[in-house]
Amino acid sequence: MRIAVLRETGAGERRVALVPDSVGRLVRAGHQVQVEQGAGQGAGFPDEGYAAQGAALCTTATDTTAHAEVLAALALPPAETLASLAPGTAVIGFFDPASGRAAALLSQYGLTGFAMELVPRTTKAQSMDALSSQATVAGYKAVLIGADALPRFLPMLTTAAGTITPARVFVIGAGVAGLQAIATARRLGAVVSAFDVRPVVKEQVESLGAVFLEVPSVAAEGQGGYAQELAADQQRRVEAAVAAHIKGMDLVITTAQIPGKPAPRIISAAMVRSMRAGSVIVDLAAESGGNCELTQAGEVVSERDVTILGPVDIAATLPCHASQMYSRNLQTFLEYVAKAGGFKSTLDDPIIGAMCIVKDGVARNGRPDA
Amino acid sequence: MRIAVLRETGAGERRVALVPDSVGRLVRAGHQVQVEQGAGQGAGFPDEGYAAQGAALCTTATDTTAHAEVLAALALPPAETLASLAPGTAVIGFFDPASGRAAALLSQYGLTGFAMELVPRTTKAQSMDALSSQATVAGYKAVLIGADALPRFLPMLTTAAGTITPARVFVIGAGVAGLQAIATARRLGAVVSAFDVRPVVKEQVESLGAVFLEVPSVAAEGQGGYAQELAADQQRRVEAAVAAHIKGMDLVITTAQIPGKPAPRIISAAMVRSMRAGSVIVDLAAESGGNCELTQAGEVVSERDVTILGPVDIAATLPCHASQMYSRNLQTFLEYVAKAGGFKSTLDDPIIGAMCIVKDGVARNGRPDA
Amino acid sequence: MPHALEEILYLIAAVCFIIGIKRLSSPATAVGGNRLSAVGMLVAIVVTLLDRSIVGYGVIVAGLVVGSALGLWLARAVKMTAMPQMVALLNGLGGGASLIVGGAEFLKSELLGAALPIDTSITIQLSLLIGAVTLTGSLVAYAKLQELISGRPIVFFGLTALNAVLLAAILALGAWQVVHPESLLWPFYAVCVLSLLLGVLVVMPIGGADMPVVISLLNSYSGIAAAMTGFVIHNDVLIISGALVGSSGIILSQIMCKAMNRSLANVLFGAFGSAGGTVTARSAEGMSVRQVSAEDAAIQLAYAKLVIIVPGYGLAVAQAQHLVRELADLIENRGGEVKYAIHPVAGRMPGHMNVLLAEANVPYDKLYDMEQINSEFERADVALVIGANDVVNPAARNDPGSPIFGMPILNADHARSVIVLKRGMGSGFAGIENELFYNPRTAMLFGDAKASLTTLVSEIKHVS
Amino acid sequence: MPHALEEILYLIAAVCFIIGIKRLSSPATAVGGNRLSAVGMLVAIVVTLLDRSIVGYGVIVAGLVVGSALGLWLARAVKMTAMPQMVALLNGLGGGASLIVGGAEFLKSELLGAALPIDTSITIQLSLLIGAVTLTGSLVAYAKLQELISGRPIVFFGLTALNAVLLAAILALGAWQVVHPESLLWPFYAVCVLSLLLGVLVVMPIGGADMPVVISLLNSYSGIAAAMTGFVIHNDVLIISGALVGSSGIILSQIMCKAMNRSLANVLFGAFGSAGGTVTARSAEGMSVRQVSAEDAAIQLAYAKLVIIVPGYGLAVAQAQHLVRELADLIENRGGEVKYAIHPVAGRMPGHMNVLLAEANVPYDKLYDMEQINSEFERADVALVIGANDVVNPAARNDPGSPIFGMPILNADHARSVIVLKRGMGSGFAGIENELFYNPRTAMLFGDAKASLTTLVSEIKHVS
Amino acid sequence: MLEGFIAGIVIFTLATFLGVALINRVPPTLHTPLMSGANAVSGITAVGAIIVAGSGNGWISTVLGFLAVVFAMMNVVGGYAVTDRMLQMFKRKPEDR
Amino acid sequence: MLEGFIAGIVIFTLATFLGVALINRVPPTLHTPLMSGANAVSGITAVGAIIVAGSGNGWISTVLGFLAVVFAMMNVVGGYAVTDRMLQMFKRKPEDR
Ligand SMILES: NC(=O)c1ccc[n+]([C@@H]2O[C@H](COP(=O)([O-])OP(=O)(O)OC[C@H]3O[C@@H](n4cnc5c(N)ncnc54)[C@H](OP(=O)(O)O)[C@@H]3O)[C@@H](O)[C@H]2O)c1
Ligand SMILES: NC(=O)c1ccc[n+]([C@@H]2O[C@H](COP(=O)([O-])OP(=O)(O)OC[C@H]3O[C@@H](n4cnc5c(N)ncnc54)[C@H](OP(=O)(O)O)[C@@H]3O)[C@@H](O)[C@H]2O)c1
């Protein structure tokens, strides 16, 4: 296959879709890889690295995509780039399939599109699961920026200048990002509690040494390991429990998501106002509306001495490793496709089929809620 | 004693000299405390807290200092405040005694000055040692901001998207701040090495699970547990060792200080250029000139993809606990003074005497290097 | 040979047995202990051959040669897996010998018309009873293990009562003979026959899995029978050795029961409560898993040169990371090498195992990626799988129908032996059976990982 | 009483001794074991009193009453600290009794003019020799410990040779008497006197600190003497009990030597090599520290209701945080309570102990500030100080001249007992002596904290 | 006679206690070898068998004696040999490290 | 006579081994009590003393017997009482938890 990698154009995006190491592996497997100059710069992968691994470096985007069969991307490339692609070219990246915007654009240009969001959550596909890998970064980073914004220490310290009590960290939504946040906060010495609507998560939270906030008879496990929306009575019970618990917290990290739906609203403005002065909320669901009523995506909000951070694209702030992991996911996917006979062949495969949102200009099922 | 606490006026200063808890203890011990309105706001201690502990709240700075025998401060108050004080009033805070500026100003107004930098480094005086308490904050924070600026993870992670190798962190100067930085980086899972010119530190570094970079026959332990400047040949050996070691590092945190002297220059521009793309240097000695040649105090410098942070007043970015610790130091000092007979009495006491840089307008020894 | 010398030599033989048995109970000295005990036996037999009361050697030599040859042949021919039944068989023969000696002494006095003194008379009856029970009981145990008859417990209504009646009858007949030394022969034969029957009936209701305990108990009986014979022929070495074997056999039976977490009574009479007996865990397809005791697992680990630890989600659930580290340290202190094999998706979040092991301060350079370690499993003596399941499931390699087919896994099954620590036969995240657990090289140590590791740690300290 | 019944009752007494001694070797059963053994003794004495050969009871009853009363009085009066010498004294008396019984039997035959059979003759000589050595040896040990004579080893040139000559002479005289039963009285007296002398000379060169081992060995001798007496008067219970005490005494002596890291030979003849004997660590001012074995420390911890752990810089240096946690878990599993007392300046950086204990996952709610915990030390059974020094130095309270005077410290010295783990008598950061280590309630367990804790952890598992 | 019988009982009792005291902790791997080794010791009844076989008290004694000797010797020789075989695994291991 | 002597030797040997096997692991705190308890047992020589004292073989036997009984009984009674006192510390502790 002929694979193209462009410099990402999104604001603040420092990641790159394929890192030199993956490029090398693909080249050795017989593929050709064309990389736009400076594509890896932001993530700390200079052009020389790509060249050394056998990539062809191209000066412009159009040069890069010429004759490409596959375009490896992170976000959906700009329309002009898509326009320059030969019909039938496969484009892979995070395409927010729920919105349908990507599908529309890709079909317009007769392309084939694979959304990384749609990798099935099976043990087998885990090595292609970029949502997981980027969520890992996000969970880790959320604790760091939260700790940085907090006017307190996370760990307990007994010193000659008095004893510092450990910070209480509350993680809402203990999926991939949430669990990583729990682990990171625990590493830093915080006392961590967590809540999730899927009951299996309790054991996982405890396996990281944190406490699970139990709300009786709340269970909303959907298909594929994702959560569902809560029934009204469950929602009420959750609200009451969270409101009572959140009062004593110093740092709250929210990660709750329901695929294809806006993020569930879990922290109301009243809850925020009940919190202690100086506490901090990091809302990782900011992009899809936020788990906190007051969250503003990409902004820092202060409400009565409580700081609410709504970072967007947080994985991009750890560009080196985020790229490395994404690249490995993509590489595994490409190798898998090649083994299955290439993009032109059947979409019967449970993984490839599930990810394909547009086939040669024709939109397909793809949506998890479809 | 009648103690006054003002709102700090320095840029970015969110700390307060006494927190309500300390105020309460002093009031219960029979002292009077006057606090300027909003003094604790930035650190998360509202006025009500002070009032509840028996402080008198005053609206203006001049109101607050009226009749005060002691002014508890962090930085040296502005000249107009000093002018408003009755001669002989004791002023306590971080006064940078080596510069001599504070002594000049204080003597000008006939005041008595105690520099917190001059608390002797004895086991007994440790609970008044504000340098240590603030350095603790600085060491912790340095790792957080360094980790945040780093495009990599600190911990090792074996994931479906490849194995993330742990970051290598190098701490130069393993005093109070350095040791705390080592501990924090180790908590986050980094592989930590450290260097210091005082040989006793080796065991301390190892007691935190880090590796000590040994440079043969380098030993510069001065009096009071502080370091001295290195002899030229020692300096050369250190340079060579650091230059060789720093190449492979991801995050470098420097904390080396020599009291009363500019910070030793340890990392040259050439060494920075030899580092890997994406690595980060956090220079905690920025205020006294920096341990790195390229450091600019208060700025972020980028040199060939290496980021150099030169944070100033880093303790102020953790205002709640930094204030709490400073306040406890100050409180212990005040209690100690009261027990010894008050400020008017003798300066024979080894702790009080050592800290006094101006007595009733007359400058005294005080400097550690004097 | 003067009688005093004879006695002293017998005493030396007995001392050899004492020291030999002591040494047999520790791995480091067991081989030597067994040989010392054999030397003692040789001494005892030679001394006996030189006894003045022996008039003819023909029969003796014939018996010695035939018996030794047969014994040696049996010992050589038997397969390692058939050892327990072989012990049962040999033990039965020992019991038989005691029975015969007792009987012969009885018949001799009968023939000579000499009345037996009361003590000889009593001990002859006991030799008969215990020797006969040992003989047939051991033979039944042998048959069960050799699968000549069904290994399942054979119970019928009233069996316990019947056994009690039998025993009472034997004792009554025996007592009658003691009191009436001039009696007829039929009570003697009745005692023999009823005792032989009792042996059969006592062992029948015990399941095949419990046979080792039964054999150990019968071994103790054969010791007591020998001691009784010693009383009959007034020979101290028989009394000492017999009593030694008798009591140590009972203690050993108890130790064995304890290792199975059961009581001796439960083993002997357990079948009467639950007709089922012990059941070994069997999968749907009839494959069975092999369980291992913590003590055995500890010995394996202690003598291993390379141990690869495969941690999984269960280790995190059990929060046993510190114990793993301690176990590894202990293995290393003994000179073994320990590596950790970290599968990319072990646990429930990326890097789960890293967090866990970092907490326990496991040095990074002992953690190995799947690619780095997979080729090393072949030279590992033990792969210690702790709460991992899917990541070592060979179905990913072999079974195209499996939902995890195609996922790279850790080659734990390539190790020389595999020890798996988990709570039961629960499945992992993928919810599928794991054939690794049914692999003949795999041994399961069931229980919460924290509890199992605690025991392993304390056991390994005792391995000498 | 029929002879057979007598013998059986004696056997029962012996069984009581066997079980009693077994039980004495474990803390949980020791009290009962000692009493069972006493019951056995009562049985044996009563049986003897009913013996048909006894013709007059006056002397016996007088002796019993006087002896029992004296014994009871001694046992009541003695101070707990003087126990070892009391045991020595009592043991000497036992040896003396054997000597007298042997002598009386000899004199009896002499008076009656009856020639003694050879076996009796041999064992009488052995009773004399061993009984006499036990008597005077024990008395010397008693005197040394009671400081009636100097506890220092008393050695002179040629002592070993002299002892060898003495022993040879005794044996020769004894043999001569055995061979010539019709002999005169003087060799008998010579054997007695020389043996008494030998006892004195053998114990003299051994230092006071090693006396417990010597007493244990003499105890073994008195057992052997009793066994010899048993041969003389043809009594099995004496033979059994004597042999039992004889062998278990030797094993116990060996165990005691091992606990002191020395060999038995080194204890007995050590003084000849180094004239100094053992030295206890003493500070400049002549105060001495008390060392404790890991085993004893483990028992104290195991039976404690509240243990307060005081970690210090040394714990961090040793990187033994995980072991502390494990030890605490073990104590808690036994029902004890464990708290950690964190001094504000423990370690070398603010929060040093927190980082350390957090690594070992010690729950935060077990960490106590100085103010919170200081009042609790009084009710703590053990304060376990691990690598801490300055932060528990009472000089901060008492000694105005001390550089740390006025600093608040952890009141570890208020605990009922204090166990300190450090490598040696090194000082801490402040570089000053710590009188806590010389406190009579303090016991030092020297060694790297990691090594000491490893041993403690494994020992505490064995405390029953 | 009775005197000897009582000495026998004393000896029997002591040996019984000795057997109990000898076996303290046995690792499970040694359960079967120990059982087998003890079983071989119980073949000591061979001594009795030889005496019976050699007593020359008519054909019954001879036949029974022969049988007893054969049985007992099988127990003895087979027992020791089997035990030794089982113990081979402990012989090599500690050396080759 | 010799027969009895040899039985004595057998018994002595067995009891010796039994003593060795009984004492395996003794915690140091129990060293002194165990020594003292064993010492009390060695007072069994009281049995011999009583026989001598009661044999009525003239005044020598009587005087020596009396002495022997006194010594042995001091050993026995003192030994058991002292041991019991030392062991008090193990008696209360486990209960009051
Ligand atoms: N790493 C990730 O990012 C991630 C995320 C989501 C899902 N997953 C999936 O999770 C799985 C991970 O594999 P794995 O081998 O680590 O775990 P696993 O396959 O889930 O198996 C864990 C095993 O541990 C045992 N266990 C549970 N608690 C235990 C305890 N307290 N003591 C002893 N054993 C215990 C369970 O058996 P018993 O019940 O019999 O004890 C279970 O079979 C993979 O299928 C992976 O795809 C991974
Ligand atoms: N916390 C802070 O911020 C800070 C900062 C600077 C200084 N300090 C000072 O440091 C001191 C802290 O007191 P501390 O009680 O924690 O410690 P310490 O007084 O320094 O005593 C530590 C003791 O640990 C022992 N030790 C060292 N290594 C050991 C090992 N591997 N195993 C066992 N023992 C070992 C040493 O005795 P042996 O050599 O005999 O083993 C030493 O006496 C105070 O004086 C404090 O003022 C504290």
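Note on naming: letters A, B, ... go to the chains in the order of the sequence lines (proteins, then strands), and numbering restarts at 1 for each one.
- When each of F/Val82, F/Val77, F/Ile23, F/Asn39 is checked for heavy-atom pairs under 4.5 Å with chain D, F/Asn39 comes out on top.
- Rounding to the nearest 0.5 angstrom, the gap separating the CD1 atom in F/Ile51 from the CG atom in D/Asn235 is 5.5 Å.
- Only the side chain of D/Leu74 comes within less than 4.5 Å of a heavy atom in chain F; its backbone stays farther off.
- We find the CG-CD1 distance between F/Leu67 and D/Ile100 to be 4.5 Å, quoted to the nearest 0.5 Å.
- Your options are F/Gly48, F/Ala21, F/Gly43, and the one with the most heavy-atom pairs under 4.5 Å with chain D is F/Gly48.
- Your options are D/Ala104, D/Ala226, D/Ser68, and the one with the most heavy-atom pairs under 4.5 Å with chain F is D/Ser68.
- Contacts of F/Ala49 with chain D are made by both backbone and side-chain atoms, with heavy-atom separations under 4.5 Å.
- Across F/Thr16 and D/Ala243, no two heavy atoms sit closer than the pair OG1-CB, 3.6 Å.
- For a residue to count as touching a neighbouring chain, one of its non-hydrogen atoms must lie under 4.5 Å from one of that chain's; by this rule D/Leu244 touches chain F with backbone and side chain alike.
- Between F/Phe5 and D/Phe231, the two ring planes are perpendicular [angle over 60°; tilted spans 30° to 60°].
- Taking each heavy atom of F/Ala53 and D/Val59 in turn, the nearest pair found is CB-CG1, 4.3 Å.
- The structure places CE of D/Met86 at 13.5 Å from OG1 of F/Thr32, a figure rounded to the nearest 0.5 Å.
- For the options F/Ile9, F/Val52, F/Val47, F/Leu18, heavy-atom pairs under 4.5 Å to chain D are most numerous at F/Val47.
- Of the two parts of D/Asn34, the backbone and the side chain both hold a non-hydrogen atom closer than 4.5 Å to a non-hydrogen atom of chain F.
- F/Leu30 and D/Ser25 get closest at one heavy-atom pair: CD1-C, 3.7 Å.
- For residues 85-94 of chain D, the set of pairs meeting the side chain to side chain donor-acceptor pair (under 3.5 Å) definition, not counting sequence neighbours, comprises D/Gln85-D/Gln146, D/Asn91-D/Ser138, D/Asn91-D/Ser222.
- Both the backbone and the side chain of D/Ile240 come within less than 4.5 Å of a heavy atom in chain F.
- Top candidate by heavy-atom pairs under 4.5 Å with chain F, chosen from D/Pro84, D/Ser98, D/Gly71, is D/Gly71.
- Looking at heavy atoms from C-beta onward, D/Leu24 lies in side-chain contact with F/Leu87 at the 4.5 angstrom threshold.
- Here the straight-line distance linking atom CG of D/Leu70 with atom CE of F/Met74 works out to 4.5 Å at 0.5 Å rounding.
- For D/Ser220, no part lies under 4.5 angstrom from a heavy atom of chain F.
- The shortest side-chain heavy-atom distance between D/Ser248 and F/Leu22 does not fall under the 4.5 Å cut-off.
- Listed options D/Ser127, D/Gly223, D/Ser37 were ranked by heavy-atom pairs under 4.5 angstrom with chain F; first place goes to D/Ser37.
- Heavy-atom distances place no part of D/Ile250 under 4.5 Å from chain F, backbone and side chain included.
- Expressed to the nearest 0.5 Å, how far CG of D/Asp236 lies from CZ of F/Phe12 amounts to 13.0 Å.
- Both the backbone and the side chain of F/Val41 come within less than 4.5 Å of a heavy atom of chain D.
- Ranked by heavy-atom pairs under 4.5 Å with chain F, the list D/Ile60, D/Ile233, D/Leu218 is led by D/Ile60.
- Rounding to the nearest 0.5 Å gives a distance of 5.0 Å between CD1 of D/Ile215 and CE of F/Met35.
- Both the backbone and the side chain of D/Ile18 come within less than 4.5 Å of a heavy atom in chain F.
- Between D/Val87 and F/Met86 there is a side-chain heavy-atom pair separated by less than 4.5 Å.
- The shortest distance between side-chain heavy atoms of F/Ile44 and D/Phe17 falls below 4.5 Å.
- By number of non-hydrogen pairs under 4.5 angstrom with chain F, the leading residue of D/Ala13, D/Ala62, D/Gly96 is D/Ala62.
- Between D/Arg35 and F/Asp84 the shortest heavy-atom distance is NH2-OD2, 2.9 Å.
- More than 12 non-hydrogen atoms from other residues, nucleotides or ligands lie less than 6.0 angstrom from OH of F/Tyr80.
- Counting heavy atoms from C-beta on, the side chains of D/Val66 and F/Met73 never come closer than 4.5 Å.
- Neither the backbone nor the side chain of D/Gln300 comes within less than 4.5 Å of any heavy atom in chain F.
- By the salt bridge (Lys or Arg N to Asp or Glu O under 4.0 Å) test, D/Lys108 is found to be paired with D/Glu105, residues two or more places apart in sequence or in another chain being considered.
- Counting all heavy atoms, side chain and backbone alike, F/Arg85 lies closest to D/Arg76 at NH1-O, 3.1 Å.
- Shown here for D/Ile45 and F/Ala46, the closest heavy-atom pair between the two residues is CD1-CB, 4.5 Å.
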